Engineer: 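Got a structure for you, questions after.
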Amino acid sequence: MSTNGAYLWVLVWASVISAGLGLGNGNFDDDFYIMWSPDHVTRLYNGHDVQISMDRQSGSGFATKKQYLFGKFEMQIKLPPGNSAGTVVAVYLYSNQPNRDEIDIEFLGNVDGKDIIMQTNVFANGYDDREQRIKLWFDPTADFHTYTIFWNRYHIIFVVDGFPIRVHQNNAVRGIPFPRMQPMSLYTTIWNGESWATNGGKTKITWGPSPFVAQFRNFYIDGCEWNGNPRFCKGGSTQNWWNKRTYAYFNAGDRLKLHWVRKHYLVYDYCNDKVRFKVAPEECRYQI
(Lines give C-alpha, C1' and ligand atoms only; values in the text may rest on other atoms or scores of the structure.)
Protein backbone atom coordinates (compact mmCIF):
# COMPACT_ATOMS: atom_id res chain seq x y z
CA MET A 1 0.00 0.00 0.00
CA SER A 2 1.23 3.53 -0.73
CA THR A 3 2.18 5.94 2.04
CA ASN A 4 -0.95 7.95 1.31
CA GLY A 5 -3.06 4.80 1.43
CA ALA A 6 -1.53 3.78 4.75
CA TYR A 7 -2.21 7.25 6.15
CA LEU A 8 -5.91 6.91 5.34
CA TRP A 9 -6.40 3.89 7.64
CA VAL A 10 -6.65 5.69 10.96
CA LEU A 11 -9.51 4.49 13.17
CA VAL A 12 -9.91 3.72 16.85
CA TRP A 13 -11.57 0.32 16.46
CA ALA A 14 -13.05 0.46 19.96
CA SER A 15 -15.41 3.17 18.72
CA VAL A 16 -16.83 0.76 16.15
CA ILE A 17 -17.26 -1.94 18.78
CA SER A 18 -19.19 0.35 21.12
CA ALA A 19 -20.98 2.70 18.74
CA GLY A 20 -24.69 2.59 18.07
CA LEU A 21 -27.64 1.15 19.96
CA GLY A 22 -29.10 -1.61 17.78
CA LEU A 23 -31.67 -4.25 18.70
CA GLY A 24 -29.41 -6.07 21.18
CA ASN A 25 -32.12 -6.36 23.83
CA GLY A 26 -34.95 -7.28 21.48
CA ASN A 27 -37.03 -10.41 21.61
CA PHE A 28 -36.21 -13.04 18.99
CA ASP A 29 -39.74 -13.18 17.58
CA ASP A 30 -39.87 -9.40 17.18
CA ASP A 31 -36.82 -9.27 14.94
CA PHE A 32 -36.40 -12.72 13.33
CA TYR A 33 -38.41 -15.44 11.67
CA ILE A 34 -37.67 -19.17 11.45
CA MET A 35 -36.74 -20.19 7.92
CA TRP A 36 -37.28 -23.92 8.22
CA SER A 37 -37.58 -26.77 10.75
CA PRO A 38 -39.13 -24.85 13.67
CA ASP A 39 -38.87 -28.01 15.76
CA HIS A 40 -35.08 -27.63 15.49
CA VAL A 41 -35.13 -24.10 16.94
CA THR A 42 -35.31 -23.54 20.70
CA ARG A 43 -35.85 -20.16 22.35
CA LEU A 44 -34.29 -19.62 25.77
CA TYR A 45 -34.53 -16.84 28.38
CA ASN A 46 -37.69 -15.28 26.94
CA GLY A 47 -36.31 -15.28 23.42
CA HIS A 48 -33.00 -13.60 24.15
CA ASP A 49 -31.00 -16.80 23.45
CA VAL A 50 -31.63 -19.27 20.65
CA GLN A 51 -30.41 -22.77 19.83
CA ILE A 52 -30.57 -24.27 16.35
CA SER A 53 -29.83 -27.92 15.66
CA MET A 54 -29.18 -30.41 12.89
CA ASP A 55 -29.83 -34.14 12.78
CA ARG A 56 -30.25 -36.70 10.00
CA GLN A 57 -33.65 -35.23 9.12
CA SER A 58 -32.84 -31.55 8.84
CA GLY A 59 -30.80 -28.54 9.71
CA SER A 60 -32.44 -25.24 10.66
CA GLY A 61 -32.10 -21.52 10.51
CA PHE A 62 -33.56 -18.08 11.12
CA ALA A 63 -33.32 -14.66 9.50
CA THR A 64 -34.13 -11.02 10.16
CA LYS A 65 -37.54 -9.75 9.13
CA LYS A 66 -35.97 -6.55 7.80
CA GLN A 67 -33.35 -5.83 5.16
CA TYR A 68 -30.41 -3.50 5.62
CA LEU A 69 -27.92 -1.61 3.49
CA PHE A 70 -24.80 -1.09 5.63
CA GLY A 71 -24.43 -1.31 9.39
CA LYS A 72 -23.02 -3.33 12.25
CA PHE A 73 -24.16 -6.93 12.75
CA GLU A 74 -23.02 -8.89 15.77
CA MET A 75 -23.88 -11.88 17.92
CA GLN A 76 -22.28 -14.24 20.40
CA ILE A 77 -22.03 -17.86 19.27
CA LYS A 78 -21.15 -21.18 20.88
CA LEU A 79 -20.50 -23.89 18.33
CA PRO A 80 -21.41 -27.60 18.50
CA PRO A 81 -18.90 -29.54 20.64
CA GLY A 82 -17.20 -32.84 19.89
CA ASN A 83 -17.05 -34.41 16.44
CA SER A 84 -18.78 -31.83 14.24
CA ALA A 85 -17.01 -32.77 10.99
CA GLY A 86 -19.12 -32.02 7.93
CA THR A 87 -21.36 -29.49 9.66
CA VAL A 88 -21.53 -25.82 8.73
CA VAL A 89 -22.79 -23.08 11.03
CA ALA A 90 -23.24 -19.88 9.05
CA VAL A 91 -23.99 -16.23 9.80
CA TYR A 92 -24.34 -14.18 6.65
CA LEU A 93 -25.89 -11.18 4.96
CA TYR A 94 -27.67 -12.10 1.73
CA SER A 95 -29.59 -10.08 -0.87
CA ASN A 96 -31.53 -13.00 -2.41
CA GLN A 97 -31.17 -11.60 -5.94
CA PRO A 98 -29.95 -13.35 -9.14
CA ASN A 99 -26.79 -11.19 -9.13
CA ARG A 100 -26.60 -11.49 -5.39
CA ASP A 101 -24.50 -9.71 -2.84
CA GLU A 102 -23.50 -11.76 0.19
CA ILE A 103 -21.17 -11.39 3.17
CA ASP A 104 -20.41 -14.73 4.83
CA ILE A 105 -19.08 -16.13 8.06
CA GLU A 106 -19.05 -19.93 8.04
CA PHE A 107 -17.74 -22.25 10.74
CA LEU A 108 -16.56 -25.53 9.24
CA GLY A 109 -16.84 -28.37 11.73
CA ASN A 110 -14.06 -30.86 12.39
CA VAL A 111 -13.32 -34.11 14.17
CA ASP A 112 -12.87 -33.86 17.91
CA GLY A 113 -9.50 -32.36 18.83
CA LYS A 114 -8.88 -30.64 15.49
CA ASP A 115 -9.39 -26.98 14.70
CA ILE A 116 -12.75 -25.66 13.60
CA ILE A 117 -12.13 -23.36 10.64
CA MET A 118 -13.78 -19.97 10.25
CA GLN A 119 -14.31 -19.10 6.60
CA THR A 120 -15.25 -15.65 5.33
CA ASN A 121 -16.42 -14.85 1.81
CA VAL A 122 -17.78 -11.86 -0.09
CA PHE A 123 -20.13 -11.97 -3.07
CA ALA A 124 -20.54 -8.76 -5.08
CA ASN A 125 -22.94 -8.52 -8.01
CA GLY A 126 -22.92 -12.31 -8.30
CA TYR A 127 -19.13 -12.71 -8.16
CA ASP A 128 -17.69 -14.82 -5.32
CA ASP A 129 -14.67 -17.11 -4.85
CA ARG A 130 -13.28 -14.61 -2.36
CA GLU A 131 -12.75 -17.01 0.54
CA GLN A 132 -10.33 -16.66 3.41
CA ARG A 133 -9.98 -19.20 6.22
CA ILE A 134 -8.50 -18.92 9.69
CA LYS A 135 -7.99 -21.21 12.65
CA LEU A 136 -9.41 -19.67 15.80
CA TRP A 137 -7.05 -19.05 18.73
CA PHE A 138 -9.56 -20.47 21.23
CA ASP A 139 -12.02 -23.33 21.47
CA PRO A 140 -15.25 -21.92 19.97
CA THR A 141 -17.25 -24.83 21.40
CA ALA A 142 -16.31 -24.24 25.05
CA ASP A 143 -17.93 -20.83 25.50
CA PHE A 144 -19.59 -17.94 23.69
CA HIS A 145 -17.48 -15.61 21.55
CA THR A 146 -18.41 -12.43 19.74
CA TYR A 147 -18.46 -12.26 15.94
CA THR A 148 -19.06 -9.02 14.06
CA ILE A 149 -19.61 -7.91 10.48
CA PHE A 150 -19.06 -4.17 10.10
CA TRP A 151 -20.20 -3.07 6.64
CA ASN A 152 -20.16 0.48 5.39
CA ARG A 153 -19.56 2.31 2.13
CA TYR A 154 -15.79 2.09 2.64
CA HIS A 155 -15.16 -1.55 3.52
CA ILE A 156 -16.33 -4.76 5.20
CA ILE A 157 -14.52 -5.70 8.40
CA PHE A 158 -14.86 -9.14 10.00
CA VAL A 159 -14.12 -9.14 13.73
CA VAL A 160 -13.70 -11.87 16.35
CA ASP A 161 -13.69 -10.86 20.03
CA GLY A 162 -12.51 -7.38 19.10
CA PHE A 163 -9.76 -8.62 16.75
CA PRO A 164 -10.21 -7.64 13.09
CA ILE A 165 -9.46 -10.76 11.04
CA ARG A 166 -10.21 -9.47 7.56
CA VAL A 167 -10.76 -6.16 5.77
CA HIS A 168 -12.41 -6.19 2.35
CA GLN A 169 -12.17 -2.72 0.85
CA ASN A 170 -14.54 -0.92 -1.48
CA ASN A 171 -12.63 -0.52 -4.73
CA ALA A 172 -15.65 0.15 -6.91
CA VAL A 173 -13.94 3.26 -8.28
CA ARG A 174 -11.40 0.85 -9.81
CA GLY A 175 -14.17 -1.23 -11.38
CA ILE A 176 -14.03 -3.95 -8.72
CA PRO A 177 -17.50 -5.06 -7.53
CA PHE A 178 -18.41 -4.29 -3.91
CA PRO A 179 -21.72 -4.86 -2.07
CA ARG A 180 -23.16 -1.34 -2.02
CA MET A 181 -26.53 -1.31 -3.82
CA GLN A 182 -28.53 -4.36 -2.72
CA PRO A 183 -30.17 -4.54 0.72
CA MET A 184 -29.53 -7.75 2.65
CA SER A 185 -31.12 -9.72 5.46
CA LEU A 186 -29.07 -11.44 8.15
CA TYR A 187 -29.32 -15.24 8.10
CA THR A 188 -28.17 -17.77 10.69
CA THR A 189 -28.17 -21.46 9.79
CA ILE A 190 -26.78 -24.92 10.52
CA TRP A 191 -26.64 -27.39 7.66
CA ASN A 192 -25.00 -30.45 6.11
CA GLY A 193 -21.83 -29.43 4.28
CA GLU A 194 -20.07 -32.78 4.30
CA SER A 195 -19.50 -32.66 0.54
CA TRP A 196 -16.85 -29.95 1.03
CA ALA A 197 -16.58 -28.50 4.55
CA THR A 198 -14.06 -30.80 6.27
CA ASN A 199 -10.86 -32.05 4.68
CA GLY A 200 -12.16 -31.09 1.26
CA GLY A 201 -15.21 -33.30 1.71
CA LYS A 202 -13.22 -36.44 2.56
CA THR A 203 -14.38 -36.43 6.18
CA LYS A 204 -18.10 -37.05 6.40
CA ILE A 205 -20.59 -36.44 9.19
CA THR A 206 -20.68 -38.98 12.00
CA TRP A 207 -24.32 -38.96 13.04
CA GLY A 208 -23.81 -40.62 16.41
CA PRO A 209 -23.19 -37.30 18.25
CA SER A 210 -26.22 -35.62 16.66
CA PRO A 211 -28.16 -33.47 17.11
CA PHE A 212 -25.50 -30.85 16.54
CA VAL A 213 -26.50 -27.74 18.47
CA ALA A 214 -25.28 -24.17 17.95
CA GLN A 215 -26.21 -21.49 20.48
CA PHE A 216 -26.67 -17.75 19.90
CA ARG A 217 -27.22 -14.77 22.17
CA ASN A 218 -26.76 -10.98 22.45
CA PHE A 219 -28.00 -10.25 18.95
CA TYR A 220 -26.97 -6.76 17.87
CA ILE A 221 -28.01 -5.11 14.64
CA ASP A 222 -27.68 -1.42 13.94
CA GLY A 223 -28.13 -0.92 10.22
CA CYS A 224 -29.89 1.22 7.68
CA GLU A 225 -33.32 -0.33 7.27
CA TRP A 226 -34.16 -0.58 3.60
CA ASN A 227 -36.84 1.81 2.33
CA GLY A 228 -36.17 1.45 -1.38
CA ASN A 229 -33.71 4.34 -1.64
CA PRO A 230 -30.00 3.38 -1.62
CA ARG A 231 -29.01 7.04 -1.49
CA PHE A 232 -30.58 7.35 1.95
CA CYS A 233 -28.47 4.47 3.27
CA LYS A 234 -25.26 5.73 1.68
CA GLY A 235 -25.37 9.04 3.49
CA GLY A 236 -23.20 9.83 6.49
CA SER A 237 -25.95 11.21 8.71
CA THR A 238 -26.09 10.85 12.50
CA GLN A 239 -28.50 7.98 11.99
CA ASN A 240 -26.13 6.26 9.56
CA TRP A 241 -23.17 6.66 11.91
CA TRP A 242 -21.25 3.76 10.33
CA ASN A 243 -20.87 5.76 7.09
CA LYS A 244 -19.22 8.76 8.70
CA ARG A 245 -15.74 9.52 7.42
CA THR A 246 -14.39 8.55 10.84
CA TYR A 247 -15.22 4.92 10.09
CA ALA A 248 -13.27 4.86 6.84
CA TYR A 249 -10.02 4.56 8.76
CA PHE A 250 -8.05 1.87 10.60
CA ASN A 251 -5.46 2.54 13.31
CA ALA A 252 -1.95 1.13 13.69
CA GLY A 253 -2.87 -0.95 16.74
CA ASP A 254 -5.68 -2.73 14.95
CA ARG A 255 -3.53 -3.16 11.87
CA LEU A 256 -1.10 -5.03 14.14
CA LYS A 257 -3.95 -7.19 15.45
CA LEU A 258 -5.02 -7.99 11.90
CA HIS A 259 -1.49 -8.90 10.87
CA TRP A 260 -1.05 -11.03 14.01
CA VAL A 261 -4.13 -13.04 13.07
CA ARG A 262 -3.00 -13.41 9.47
CA LYS A 263 0.54 -14.41 10.45
CA HIS A 264 -0.42 -17.05 13.00
CA TYR A 265 -3.91 -18.27 12.06
CA LEU A 266 -4.58 -17.68 8.37
CA VAL A 267 -4.71 -21.05 6.59
CA TYR A 268 -6.15 -20.02 3.22
CA ASP A 269 -6.36 -16.80 1.21
CA TYR A 270 -7.81 -16.81 -2.30
CA CYS A 271 -5.32 -14.10 -3.23
CA ASN A 272 -2.51 -16.66 -2.87
CA ASP A 273 -4.29 -19.51 -4.66
CA LYS A 274 -2.41 -19.87 -7.94
CA VAL A 275 -4.39 -23.00 -8.88
CA ARG A 276 -7.73 -21.19 -8.95
CA PHE A 277 -6.33 -17.87 -10.13
CA LYS A 278 -3.41 -17.71 -12.55
CA VAL A 279 -3.47 -13.99 -11.94
CA ALA A 280 -4.64 -12.82 -8.51
CA PRO A 281 -7.92 -10.88 -8.57
CA GLU A 282 -7.41 -7.14 -8.88
CA GLU A 283 -8.57 -6.29 -5.34
CA CYS A 284 -5.73 -8.38 -3.89
CA ARG A 285 -3.38 -5.54 -4.79
CA TYR A 286 -5.12 -3.33 -2.24
CA GLN A 287 -5.27 -5.67 0.77
CA ILE A 288 -3.96 -4.26 4.01
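Since the model is a prediction, treat every value here as computed from it, not as a measurement.
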Engineer: Decide if the gap between the ring center of W242 and the ring center of F150 is smaller than 6.0 angstrom.
Structural biologist: no

Engineer: In terms of the angle between their ring planes, are Y94 and Y187 parallel, tilted or perpendicular, with boundaries placed at 30° and 60°?
Structural biologist: perpendicular

Engineer: Should we say atom CD of E282 is surrounded by more than 12 heavy atoms from elsewhere, each under 6.0 Å from it?
Structural biologist: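 Check passes, neighbour count above 12.
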
Engineer: Quick check: does any side chain N or O of K278 sit under 3.5 Å from a backbone N or O of V275, one acting as donor and the other as acceptor?
Structural biologist: no

Engineer: Between the main-chain N or O of D115 and the side-chain N or O of N110, is there a donor-acceptor pair closer than 3.5 Å?
Structural biologist: yes

Engineer: Could you check whether R217 makes a cation-pi contact with Y45, meaning its NZ or CZ is under 6.0 Å from the centre of the six-membered ring and within 45° of the ring axis?
Structural biologist: no

Engineer: Tell me whether the count of non-hydrogen atoms from other residues, nucleotides or ligands lying under 6.0 Å of CG in N46 goes above 12.
Structural biologist: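 For N46, atom CG is not crowded (no more than 12 foreign heavy atoms under 6.0 Å).
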
Engineer: Using the rule that two of Ile, Leu, Val, Met, Phe, Trp, Tyr join whenever any of their side-chain heavy atoms come within less than 4.5 Å, decide whether F144 and V89 are in one cluster.
Structural biologist: no

Engineer: Which atom names give the shortest non-hydrogen contact between K244 and T238, and what distance separates them?
Structural biologist: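 Smallest interatomic distance, heavy atoms only, reads CE-CA, 4.1 Å.
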
Engineer: Can you confirm whether K65 is buried at NZ, in the sense that more than 12 heavy atoms of other residues, nucleotides or ligands lie under 6.0 Å from that atom?
Structural biologist: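 Counting neighbours around NZ of K65, more than 12 heavy atoms of other residues, nucleotides or ligands fall under 6.0 Å, so yes.
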
Engineer: So, N240 side chain and N243 main chain: donor-acceptor pair closer than 3.5 Å or not?
Structural biologist: no

Engineer: Is it the case that over 12 heavy atoms from other parts of the model lie below 6.0 angstrom from the NZ atom of K66?
Structural biologist: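 No - once you tally the heavy atoms of other residues, nucleotides and ligands closer than 6.0 Å, there are 12 at most.
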
Engineer: Under 4.5 Å between any side-chain heavy atoms of P211 and H40, yes or no?
Structural biologist: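 Answer no - side chains too far apart.
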
Engineer: Quick one: closest heavy-atom pair of R180 and K234, and the distance?
Structural biologist: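 Shortest heavy-atom contact: O-CE, 3.1 Å.
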
Engineer: Between W36 and G59 (side chain of the first, backbone of the second, donor and acceptor by atom type, cut-off under 3.5 Å), is there such a pair?
Structural biologist: yes

Engineer: Quick check: closest heavy atoms across L79 and I116, and the distance to 0.1 Å?
Structural biologist: CD1-CG2, 4.0 Å

Engineer: Please check if the side chain of S95 supplies one atom and the backbone of R100 the other of a donor-acceptor pair under 3.5 Å.
Structural biologist: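 No: the side chain of S95 does not pair with the backbone of R100.
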
Engineer: So for atom CE, which belongs to M181, do other residues, nucleotides or ligands contribute more than 12 heavy atoms lying within a distance under 6.0 Å?
Structural biologist: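 Not more than 12 within 6.0 Å, no.
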
Engineer: Working note: N121 + Y270, criterion side chain to side chain contact (heavy atoms under 4.5 Å, CB included); need CA distance, chi angles, decisive distance, verdict.
Structural biologist: CA-CA 10 Å; N121 196 4; Y270 73 97; over 6 Å; no

Engineer: Just so I know, are the side chains of R262 and D269 near enough to count as touching, which here means a heavy-atom distance under 4.5 Å?
Structural biologist: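 R262 vs D269: side chains touch.
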
Engineer: Tell me whether L136 shares a hydrophobic cluster with L258, the cluster being built from Ile, Leu, Val, Met, Phe, Trp, Tyr side chains joined at under 4.5 Å.
Structural biologist: yes

Engineer: Heavy-atom distance under 4.5 Å between the side chains of H168 and I103, does that happen here?
Structural biologist: no

Engineer: According to a 4.5 Å side-chain heavy-atom criterion applied to Ile, Leu, Val, Met, Phe, Trp and Tyr, with indirect links allowed, do V91 and F73 form part of one hydrophobic cluster?
Structural biologist: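 Result: yes, single cluster for both.
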
Engineer: Would N83 and D112 satisfy side chain to side chain donor-acceptor pair (under 3.5 Å), going step by step from the backbone distance to the final call?
Structural biologist: CA-CA 4 Å; N83 184 358; D112 198 9; over 6 Å; no

Engineer: Is there a side-chain contact between F277 and C271 (heavy atoms, below 4.5 Å)?
Structural biologist: no

Engineer: How long is the straight-line distance from CG of L108 back to CZ of R133, given to the nearest 0.5 Å?
Structural biologist: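 Reported to 0.5 Å precision, the distance equals 5.0 Å.
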
Engineer: Can you check whether K72's main-chain N or O pairs, donor with acceptor, with D222's side chain at less than 3.5 Å?
Structural biologist: no

Engineer: Would the distance check show the side chain of E74 and the main-chain N or O of Y220 forming a donor-acceptor pair, the cut-off being under 3.5 Å?
Structural biologist: no

Engineer: How close do A214 and F216 get, heavy atom to heavy atom, and via which atoms?
Structural biologist: O-CE1, 3.6 Å

Engineer: Classify the ring geometry of F62 against F32: parallel below 30°, tilted from 30° to 60°, perpendicular beyond 60°.
Structural biologist: perpendicular

Engineer: Looking at every non-hydrogen atom in both residues, tell me the closest pair between S37 and S60 and how far apart they are.
Structural biologist: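 In terms of heavy atoms, the two residues are closest at O-CB, 4.0 Å.
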
Engineer: So, taking the atom named CZ in F158 and the one named CD in Q119, what distance separates them when rounded to the nearest 0.5 Å?
Structural biologist: 10.5 Å

Engineer: Should we count NZ of K114 as having more than 12 external heavy atoms under 6.0 Å?
Structural biologist: no

Engineer: With rounding to the nearest 0.5 Å, note down the distance linking OH in Y92 to CG in L186.
Structural biologist: 9.5 Å

Engineer: With ring centroids as reference points, do F107 and Y147 lie under 6.0 angstrom apart?
Structural biologist: yes

Engineer: Would you check if H155 and N170 make a side-chain contact, meaning some heavy-atom pair closer than 4.5 Å?
Structural biologist: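 A side-chain contact under 4.5 Å is absent here.
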
Engineer: Taking F232 as the starting point, is it possible to reach Y68 by hopping between hydrophobic residues whose side chains are less than 4.5 Å apart?
Structural biologist: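 Unlinked, Y68 and F232 end up in two clusters.
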
Engineer: Is the OH atom of Y127 crowded by more than 12 outside heavy atoms at less than 6.0 Å?
Structural biologist: no

Engineer: As a quick check of understanding, evaluate side chain to side chain contact (heavy atoms under 4.5 Å, CB included) for M54 and N192, giving each step before the final call.
Structural biologist: CA-CA 8 Å; M54 183 181 73; N192 183 340; 4.1 Å; yes

Engineer: Return the CD to CD distance between Q239 and E225, rounded to the nearest 0.5 Å.
Structural biologist: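 Nearest 0.5 Å value for the CD-CD distance: 8.0 Å.
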
Engineer: From L93 CG over to E102 CD, what is the distance, rounded to the nearest 0.5 angstrom?
Structural biologist: 9.0 Å

Engineer: Is there side-chain contact between N218 and M75, with heavy atoms separated by less than 4.5 Å?
Structural biologist: no

Engineer: Return the minimal non-hydrogen interatomic distance between T64 and I221, and the atom names on each side.
Structural biologist: CG2-CD1, 3.4 Å

Engineer: What class does the angle between the rings of F219 and F28 fall in, given that below 30° is parallel, 30 to 60° is tilted and above 60° is perpendicular?
Structural biologist: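 Rings of F219 and F28: tilted, as their planes differ by 30° to 60°.
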
Engineer: If you draw the axis of the six-membered ring of F163, does the NZ or CZ of K257 fall within 45° of it and under 6.0 Å from the ring centre?
Structural biologist: yes

Engineer: Given R174 and R285, is the side chain to side chain contact (heavy atoms under 4.5 Å, CB included) satisfied, shown in steps?
Structural biologist: CA-CA 11 Å; R174 297 183 172 97; R285 298 175 55 191; over 6 Å; no

Engineer: Looking at CD of Q67 and CD of Q182, how far apart are the two atoms once the value is rounded to the nearest 0.5 Å?
Structural biologist: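 The CD atom of Q182 is 9.5 Å from CD of Q67, to the nearest 0.5 Å.
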
Engineer: Out of curiosity, does Y154 fall in the hydrophobic cluster containing V173 (side-chain heavy atoms, cut-off under 4.5 Å, transitive links)?
Structural biologist: no

Engineer: If you define the side chain from C-beta out and look only at heavy atoms, does anything of V122 sit under 4.5 Å from P179?
Structural biologist: yes

Engineer: Would you sort out whether D104 and F123 count as a side chain to side chain contact (heavy atoms under 4.5 Å, CB included), showing the intermediate values?
Structural biologist: CA-CA 8 Å; D104 292 345; F123 292 67; 3.5 Å; yes

Engineer: Please examine the side chains of W241 and T246, heavy atoms only from C-beta on, and report whether any two atoms are closer than 4.5 Å.
Structural biologist: no

